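Working notes, beginning with the structure itself.
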There are 2 protein chains.
Amino acid sequence: MTMMGDPLSDDGADHERLPGNRSRDALRAAQMYYLQDLTMNAIARELRTSRSTISRLLSLARETGLVQIQVNNPSERAPALEQQIRRRFGVEAHVVPIADSVNDSEVLDRVAIQAARTIGPLVDSNAIIGVAWGSTLSAVSHHLTRKQTHDSTIVQLNGAGNTQTTGITYASEILRSFGQAYGARVEQFPVPAFFDHAETKTAMWEERSVRRILDLQHRMTMAIFGVGSISAGIPSHVYSGGYLDREDLATLETDEVVGDVATMFFRADGTHRDIKLNSRSTGPDLDRLGTVRRRICVVSGESKIDGLRGALAAGLATDLILDEGSARRLVHS
Amino acid sequence: MTMMGDPLSDDGADHERLPGNRSRDALRAAQMYYLQDLTMNAIARELRTSRSTISRLLSLARETGLVQIQVNNPSERAPALEQQIRRRFGVEAHVVPIADSVNDSEVLDRVAIQAARTIGPLVDSNAIIGVAWGSTLSAVSHHLTRKQTHDSTIVQLNGAGNTQTTGITYASEILRSFGQAYGARVEQFPVPAFFDHAETKTAMWEERSVRRILDLQHRMTMAIFGVGSISAGIPSHVYSGGYLDREDLATLETDEVVGDVATMFFRADGTHRDIKLNSRSTGPDLDRLGTVRRRICVVSGESKIDGLRGALAAGLATDLILDEGSARRLVHS
DNA sequence: AACCCGATTGCACAAACGTGCAGACGCGGG
DNA sequence: CCCGCGTCTGCACGTTTGTGCAATCGGGTT
């Protein structure tokens with residue numbers, strides 16, 4: 001059989017180019033597949049192309065957010081764990097079901113996928129979304145599903161430079177993914193994670209280029225972050241990646257820090273007064289963070305539980321996405 | 001391998017019975033399948049059961065509305081046909097893509113499936129939903145996806161009795177399906193489709209039992225109906241099912257009727273003054289119908305196009321779900 | 001015209017999935 | 001206790017779907 005030119009578009013009138021003619025075919029195919037329950041074979045016959053093309057069109061439709069699949073947690077009779085967490089900690093919990101047997105890196109991956117799909121529907125136009133960085137957020141960023149929005153902005157929550165690398169590529173990759181998925185502007189925060197001297201921070205915070213970012217953060221409608229936990233078996237990026245020296249780590253211990261969100265530290269009871277490092281950290285003021293409408297915390301792995309407890313005590317999150325094992329440990333003790 | 005008792009519920013604490021323990025497993029499975037992209041095999045291993053069970057659990061999850069798949073029509077750059085219809089007729093169009101080659105009964109079926117899935121997301125709690133009857137609505141009713149709502153009511157739009165059968169079973173099956181799918185009360189309208197004497201209707205309309213239904217109809221928040229078309233190749237139920245005698249059909253012609261919605265007739269220009277049969281019909285007053293917030297008209301098959309044109313001229317619908325062929329004929333002439 | 005390079009297609013095969021069927025289970029009645 | 005009946009399970013098979021690969025297309029450049 002020989003080729004024929006673009007057999008799918010049989011209404012060949014207007015050739016608008018940007019939306020991609022392909023995406024219209026994807027919509028057609030998606031309607032037939034998901035709304036009419038035809039098989040790919042049937043669709044292929046009807047659109048005069050091969051089944052594999054349809055398979056690929058459907059992939060496209062899913063990836064670009066044309067098709068949205070949501071699993072709704074029928075409110076009241078949600079799984080026991082989620083209810084308990086909501087009652088005890090006052091956050092909306094999304095527990096990711098995972099058997100205990102799976103290894104940590106797979107847990108992270110699966111939590112990340114589900115987090116990405118849970119976040120998707122919550123994003124809407126004109127949003128200003130603060131995004132932290134770290135291994136958790138990195139994993140999430142790889143699985144975002146696309147969603148078209150107008151005039152949205154992704155803003156970096158805290159600096160990422162350190163003494164060894166500028167950290168820029170790592171953090172900016174994460175931001176870029178978010179921006180691309182939601183069609184949003186990306187605003188990086190080009191400062192180190194920690195200043196060496198608090199005075200430098202004070203000075204920088206007066207710079208107009210910095211104030212622009214701070215202003216965006218001030219107007220955030222949504223924040224997305226993981227937590228760091230000092231006691232973690234595998235310590236977070238922050239505690240091992242060359243951001244802090246021996247002396248810094250010592251002051252954290254003295255200050256009874258249990259964890260951090262976006263490189264701002266807190267204690268087990270949620271307080272953060274007088275924690276020395278915070279005055280040099282570029283993360284958002286935690287009191288102010290607590291006023292953001294929607295604050296989504298993603299946690300994977302039981303080792304982060306101490307940090308998580310602190311973050312919850314501090315009321316940093318409105319929504320919590322975490323694996324089942326951690327959820328169990330959170331309530332069962 | 002031998003059986004073990006209920007291997008899926010490993011948290012065997014509370015045995016609430018009504019929600020069905022099974023549905024919790026279905027939720028778990030659905031999350032793993034649709035949100036974490038695991039294969040059924042992997043899920044089966046993790047939940048210690050067979051892949052086929054997972055397959056069935058997922059079916060359940062879809063049927064009961066635990067999983068909702070929606071294909072969104074990215075607003076502005078919607079297919080040309082839908083835009084044209086919206087502009088020319090002022091209704092939100094949902095065109096069901098179908099090649100011209102398929103036969104009429106399959107068209108009906110596929111329009112019905114897609115209609116059911118389009119309606120689903122629009123239904124919400126405290127709704128009062130008026131539902132007509134006819135072959136189109138019957139087909140739709142077979143494909144509704146479940147959705148939990150509180151305090152919703154399904155109310156029959158027009159009587160269904162005729163001289164040969166009471167018509168009750170047919171219409172009531174449709175209503176029952178809707179009620180079950182949305183967890184709603186069902187209010188039947190136990191009157192014939194047409195009274196023999198207009199005075200009887202007037203009298204009945206004063207009865208309290210009837211007034212209760214009329215009152216519900218008055219407070220409708222949504223109405224769902226097909227259209228009848230007199231010129232249809234295959235005439236609608238109404239025109240051939242023993243509801244009307246030869247004389248009635250003659251007066252329709254005299255009155256220049258082109259079609260009906262819920263057994264209320266109208267002309268090509270959308271008017272319905274002085275159409276004699278309407279005074280004996282039990283359908284809703286068309287002027288009043290036009291004030292319902294959401295009015296969904298489902299049409300399949302090009303033969304109904306004349307009736308449809310009349311209905312659109314009368315402004316009876318806010319949303320129109322129809323097959324591609326009809327949509328094309330609607331705009332291309 | 002000849003060439004090249006990335007995008008797109010259909011093919012073929014492997015992986016994943018749906019479903020009829022027969023056996024196992026739980027429960028109530030004889 | 002045994003039997004019957006409806007429900008649920010896993011198996012086996014056929015169907016449906018994903019994907020690496022080679023061929024083809026389109027359009028831009030030398």
Side-chain angles (χ1 to χ4, degrees), chain A residues 1-10 12 15-64 66-67 69 71 106 110 113 143 145, chain B residues 1-10 12 15-64 66-67 69 71 106 110 113 143 145:
Chain A
M1 163 176 292
T2 64
M3 257 11 34
M4 16 177 50
D6 198 359
L8 279 73
S9 3
D10 41 42
H15 275 252
E16 41 174 357
R17 261 294 159 236
L18 258 192
N21 225 330
R22 191 175 178 80
S23 106
R24 257 230 319 273
D25 295 336
L27 177 62
R28 258 182 100 89
Q31 289 178 307
M32 297 202 234
Y33 189 78
Y34 289 107
L35 300 182
Q36 299 178 28
D37 282 348
L38 298 187
T39 70
M40 295 184 177
N41 241 320
I43 300 174
R45 275 198 305 276
E46 222 161 275
L47 299 196
R48 307 240 177 75
T49 180
S50 76
R51 191 185 53 72
S52 8
T53 298
I54 301 298
S55 172
R56 287 186 261 252
L57 281 178
L58 290 175
S59 297
L60 183 75
R62 284 187 298 263
E63 282 160 16
T64 57
L66 263 180
V67 172
I69 299 183
V71 175
E106 196 187 332
R110 284 167 57 181
I113 301 185
H143 298 288
T145 52
Chain B
M1 161 175 296
T2 63
M3 252 25 21
M4 16 177 48
D6 199 0
L8 279 74
S9 4
D10 40 41
H15 275 250
E16 40 173 358
R17 263 291 160 237
L18 257 191
N21 224 329
R22 192 175 177 80
S23 107
R24 256 230 319 275
D25 295 335
L27 177 61
R28 256 182 102 87
Q31 288 180 307
M32 298 202 231
Y33 190 78
Y34 289 106
L35 299 183
Q36 298 177 28
D37 281 349
L38 299 187
T39 70
M40 294 186 180
N41 242 320
I43 300 174
R45 274 198 305 278
E46 220 162 276
L47 300 195
R48 308 238 178 75
T49 182
S50 75
R51 191 184 52 72
S52 11
T53 298
I54 301 298
S55 172
R56 285 185 262 252
L57 282 177
L58 290 174
S59 296
L60 184 74
R62 284 187 299 263
E63 282 161 15
T64 57
L66 262 180
V67 172
I69 300 183
V71 175
E106 196 187 331
R110 284 167 56 179
I113 301 186
H143 298 289
T145 51

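Owing to the predicted nature of the structure, the values given are computational and were not obtained by experimental measurement. Only this structure's heavy atoms are used, side chains among them; waters, hydrogens and symmetry mates stay out. To find a chain, count down the sequence lines: A is the first, B the second, and so on, and within it residues start at 1.
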task = List in chain and number order the residues that pass salt bridge (charged side-chain N to carboxylate O under 4.0 Å, His left out) with B/Glu63, two or more places apart in sequence or in another chain; answer none if no residue qualifies.
result = none

request  = Please identify each residue that fulfils side chain to side chain contact (heavy atoms under 4.5 Å, CB included) with B/Thr145, with sequence neighbours left out.
outcome  = B/Arg117

query = Just how far, in rounded Å, is C1' of D/dC8 from CG of B/Asp25?
reply = 13 Å

task = Would you mind reading off the distance between A/Met32 atom CE and D/dT17 atom P, rounded to a whole angstrom?
result = 14 Å

ask   = Mind checking what makes side-chain hydrogen bond (donor to acceptor under 3.5 Å, both in side chains) contact with B/Asn41, not counting sequence neighbours?
value = none

message = Testing the basics here: between A/Leu35 and B/Ile113, what is the closest heavy-atom pair and its distance to 0.1 Å?
response = O-CG2, 2.9 Å

key: Partner residues of B/Tyr33 under the side-chain hydrogen bond (donor to acceptor under 3.5 Å, both in side chains) criterion, sequence neighbours left out   = none

request  = Summarise protein proximity over nucleotides 13-23 of chain C in one line of letters, 5' to 3': B for base, S for sugar-phosphate only, - for none, counting protein heavy atoms closer than 4.0 Å.
outcome  = ---SBBBB---

task = Tell me whether the OP1 or OP2 atom of C/dC11 has a side-chain N or O from A/Ser50 closer than 4.0 Å.
result = no

key: B/Thr64: side chain to side chain contact (heavy atoms under 4.5 Å, CB included) partners, not counting sequence neighbours   = B/Leu60, B/Leu66, B/Arg146

query = Atom CG of A/Leu57 to atom C1' of C/dA7: distance rounded to whole Å?
reply = 14 Å

